[in-house]
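Notes to accompany the following structure.
Naming convention: chains lettered A, B, ... in sequence-line order (proteins, then strands); numbering from 1 in each chain.
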Amino acid sequence: MAKEGYTGPLENIGCCCHRIPKSYKPGMRVPGHIYATDKLLESIRKDQAADQVANVATLPGIQVASIAMPDIHWGYGFCIGGVCATDPDEGGVISPGGVGYDINCGVRLVKTNLFLDDVKHHIKELVKALFYTIPSGAGRTGKYKFDTTETRRLMGEGPKFVIARGLGVARDLDHTEANGLIDGGDPHQVSDHAVKRGAEQCGTLGSGNHFLEVQVVDSVFDAEVAKAFGLELNQICVMIHSGSRGLGYQVCDDALATFRNCPQKYGFELPDRQLACAPADSPEGRKYIAQMRAAANYGFCNRQLLMHQAREVFAQVFGRSWDDLGMEQLYDVAHNIAKFEEHTVEGKKKKVWVHRKGATRAFPAGHPEVPEAFRAVGQPVIIPGDMGRASWVLVGSQGAMEKTFGTTCHGAGRAMSRTAALKDGVGRKIERELEHKGVIAMASSRNGLAEEQPKAYKNVDDVVEAVHEADLSRRVARMRPLGVIKG
DNA sequence: ATGTTC
């Protein structure tokens, strides 16, 4: 069933920002701010994402604006590509729909000291080895089996737990958002069912838009920042896009069931039941926060184990240790998470719950949460694109702090629904089409490949242009895919 | 995103 598009107001207020006025819907406490170029605005109007931006503006305690990135599209309650900051001192809520089902879905970029010429004749072999080593697809389990006690420890300690077992090195932590450990997570509040689902899945890719890609640095846009990040033209990197698998899904599901009655209990109304939420400072809110943070730590561990397996495969294929291949982690960012952060709101510093659902933290130079190695230039921002065109490395900027609670886009954003993309793929050989474009792809599901085909997505270059122009982050390097494994 | 409709 095709969804009606958005026909409401979008007032251009400059710098690629378009406003949905508070008058658009009853109950809006703040306006909506959608960042996009005119070109992207056209596709944004095609689904109900902008209406969802307006719905989010009704949430108790929301600050400044209900914000959306140029890659927004329709999602559960909240659009994907949205930012919502709430102040707990003003009854601000926490909402699972504002984080997403895949808690701490995110991206990790691993560098190598290899260049295009070193790998171009080994891509098929490399992709095959990656595909047969790294489990992918819905419901897949992996070789790292932790019992439920160990899984709870892993959630409590983050990647430090798996690194202590030789599955990584301590310096990986320095290059992970929050050092891979969100404080305040409580694994003991996570349901047994969720823990069981996660126990055998750590170190697996999953399905949908999740991928592991071998990429080459295709262009460098900011030589100084690229140098600080250790990126140069024709360099080979590995990009990993995955989340917290069945564990995060179950945490979200558990919380949604608990939150169903909270609006009535705490005396507020919601325009959409999928916006289910509770005051961040309520028993229900605090419980979800503790669970969500524990699930986020699991997500960091999942990407740690995915990276470890990629390092092992490279070592095997090239006959050198991963260390010798220079497989250092550039950074790891979450793009589905809520963080309690200090921001300046109308000239006043306050701590707010920043929900980022399909949106990436993009802190500028000098921010204390940016790793020391990058403090002088800003936080690396990793933007996965589609498997046929490109992905990006950006750097955080001051504009993001001033306009979007330190946030930028998270990817290309879907342009076609999964069903439409699937129908479009009937009778085609998408692997062949990709091979003609110079990309070797292996997927565990044929349908998955059709759903994820390049034209199902907006052009990530357009999305990046919008966030660069709006100064929500700046271009550093464009990455082109050479090999991809998918669920 | 998700043992893809407990």
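- In this structure, Lys196(A) places its NZ atom 19 Å from C1' of dT2(B), rounding to the nearest Å.
- Side-chain nitrogen and oxygen atoms of Arg245(A) include at least one within less than 4.0 Å of the OP1 or OP2 phosphate oxygen of dT2(B).
- If you check every strand for non-hydrogen atoms under 4.0 Å, Glu451(A) touches nothing.
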Cut-off 3.5 Å, no hydrogens considered: what does the side-chain donor-acceptor table look like for residues 126-136 of chain A, sequence neighbours left out?
residue   : atom : partner   : partner atom : Å
Thr133(A) : OG1  : Ala129(A) : O            : 2.6
Ser136(A) : OG   : Lys486(A) : O            : 3.2

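- Following rounding to the nearest Å, Asp254(A) (CG) and dT2(B) (P) show an atom-to-atom distance of 16 Å.
- Looking at heavy-atom distances under 4.0 Å, Gly100(A) makes no contact with the nucleic acid at all.
- Note on Gly208(A): only backbone sugar-phosphate atoms sit closer than 4.0 angstrom, heavy atoms only; bases stay farther off.
- When rounded to the nearest whole Å, the span between OH of Tyr76(A) and P of dT5(B) equals 14 Å.
- Rounded to an integer number of Å, the gap from CG of Asp253(A) to P of dC6(B) is 10 Å.
- For the pair His193(A) NE2 and dC6(B) C1', the computed distance is 10 Å after rounding to whole Å.
- Going from atom CZ of Arg140(A) over to atom C1' of dT4(B) covers 17 Å, rounded to whole Å.
- Side-chain N/O atoms of Ser207(A) include none lying less than 4.0 angstrom from OP1 or OP2 on dT4(B).
- The closest side-chain donor-acceptor pair between Arg140(A) and Thr204(A), if any, does not fall under 3.5 angstrom.
- In this structure, Tyr298(A) places its OH atom 13 Å from C1' of dT2(B), rounding to the nearest Å.
- Side-chain contact of His193(A) with Asp254(A): a donor-acceptor pair under 3.5 Å is absent, judged by distance alone.
- Taking atom CG of Asn447(A) as the reference point, atom P of dT2(B) lies 16 Å away to the nearest angstrom.
- Side-chain polar atoms of Tyr288(A) and Gln189(A) form no donor-acceptor pair below 3.5 angstrom.
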